[in-house]
Every structure is written in C-alpha cells, then in structure tokens.
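Each remark here refers to the structure printed beneath this line.
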Amino acid sequence: MFLVVLAAACLPLPVAVLAAAALRLLYIGWVWRCELACDARAVRACGRGSVIALWRRNTDLLCTLPRPVRLWHALRSASTHPPYRLRVWWARRVSAPAVPGPHPLAVPDASGKIPPLAA
C-alpha cells in the first residue's frame, strides 16, 4: 500500500495508475505462489489422490450453485486463491507419493460431516 501511495504522489497520474496495477498483479502472483506452495506441501503430506479429490469435490460443490453466485465467489477470491483447476493441475505435477493418507479437510469431523469447502 505504501508503494501505491508513493507512486501516486511522485508520478504522473497515468503512470501512477499503471504502477498501482503492476503492484497489485505482483501481490496476486505472490499470494498464488504461496497458495500453490501450500498445496504442494499438502500433496507431499497427504498424497496426490486425496488432494486432487478434495479440489474436485469443491469444484463439484461450486457447480451446484447458481452461476451468479459462482461468478461472485470467483471474483471475490481471485486475488487471494488460485482457481481450483490450476490447483488440480499443480497437484498433478508435484513430485509426491501416490496415496499416503486422507487430506485433513476431506475427513469427517466429530459430527460426521465433511467441511463444505476448502478455500
């Protein structure tokens, strides 16, 4: 945020807007990289199959929602979480064991229910 304010104060308006957009894209790239690194760690800890099954389950749950709700969810979470298809693609390419155990978010809790979505 500090860099955006600094750019707005020191640069002409069109250049400041471009700099702010570039900084936002860099931030999104950084967050997505961290999320994909977390997914890679989950693949190594839980196995590729269980992580891919979790993301496919979340995709299937989202498909049951109306299209405007799905669009709103995608727009709202795009700056902090990569799309599920990218996460599945990434999980397929991480070197890891095939099936060491279930993913913690896909295991039923004490009441017997599986958490609805993993974000």
Side-chain angles (χ1 to χ4, degrees):
M1 185 69 172
F2 172 74
L3 292 175
V4 174
V5 173
L6 186 65
C10 297
L11 298 173
L13 184 60
V15 178
V17 169
L18 185 62
L23 288 170
R24 182 66 178 169
L25 288 175
L26 282 172
Y27 167 76
I28 291 171
W30 176 260
V31 170
W32 281 22
R33 187 199 70 81
C34 293
E35 285 288 327
L36 292 175
C38 182
D39 292 344
R41 189 169 181 171
V43 167
R44 289 185 194 102
C46 303
R48 180 176 292 115
S50 62
V51 172
I52 290 175
L54 174 77
W55 293 125
R56 289 193 187 262
R57 187 177 133 270
N58 286 352
T59 303
D60 293 342
L61 282 173
L62 284 176
C63 287
T64 63
L65 299 173
R67 186 175 294 272
V69 174
R70 279 186 293 173
L71 180 62
W72 174 248
H73 177 74
L75 290 175
R76 188 183 54 174
S77 66
S79 66
T80 57
H81 293 84
Y84 290 143
R85 288 186 181 120
L86 176 63
R87 294 179 114 154
V88 169
W89 178 86
W90 183 251
R92 285 185 183 148
R93 277 139 187 87
V94 172
S95 61
V99 200
H103 192 283
L105 294 176
V107 176
D109 59 7
S111 65
K113 296 181 181 176
I114 295 176
L117 282 177

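Because the structure is a prediction, the values reported are computed rather than measured. Atoms considered below: every heavy atom in the structure, side chains included; atoms not considered: hydrogens, waters and symmetry mates.
- We find the CZ-SG distance between Arg33 and Cys38 to be 11.5 Å, quoted to the nearest 0.5 Å.
- The side-chain hydrogen bond (donor to acceptor under 3.5 Å, both in side chains) contacts involving residues 3-20 comprise nothing, where partners must be two or more places apart or lie in separate chains.
- Going from atom SG of Cys63 over to atom CZ of Arg56 covers 11.5 Å, rounded to the nearest 0.5 Å.
- Here the closest non-hydrogen pair linking Leu86 and Pro82 is CD2-CB, 3.7 Å.
- In the hydrophobic clustering of ILVMFWY residues, with side-chain heavy atoms under 4.5 Å counting as a link, Val51 and Trp89 come out together.
- Under the 4.5 Å side-chain heavy-atom criterion for grouping Ile, Leu, Val, Met, Phe, Trp and Tyr, Leu71 is not connected to Val69 through any hydrophobic cluster.
- Trp90 places a side-chain N or O within 3.5 Å of a backbone atom of Leu36 that can act as its donor or acceptor partner.
- Counting heavy atoms of neighbouring residues, nucleotides and ligands inside a 6.0 Å radius, atom CZ of Arg93 exceeds 12 of them.
- One finds the CG atom of Asp60 at 9.0 Å from the CG atom of Leu62 (value rounded to the nearest 0.5 Å).
- When side chains are defined from C-beta on, His73 does not count as touching Leu65, because their heavy atoms never get closer than 4.5 Å.
- Note that CZ of Arg57 and CD1 of Ile52 are 15.0 Å apart. Values are rounded to the nearest 0.5 Å.
- Other residues, nucleotides and ligands place no more than 12 heavy atoms under 6.0 Å from the CZ atom of Arg85.
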Do any side-chain atoms of residues 14-32 form donor-acceptor pairs under 3.5 angstrom with protein atoms, and if so which ones, sequence neighbours left out?
unit_1, atom_1, unit_2, atom_2, d
Arg24, NH2, Ser79, OG, 3.4
Trp32, NE1, Ala78, O, 2.9

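- Smallest separation of non-hydrogen atoms from Gly47 and Ser50: O-OG, 3.2 Å.
- For the pair Arg87 (side chain) and Pro83 (backbone), a donor-acceptor distance under 3.5 Å is absent.
- Checked against side chain to side chain contact (heavy atoms under 4.5 Å, CB included), Trp72 has the following partners two or more places apart in sequence or in another chain: Arg76.
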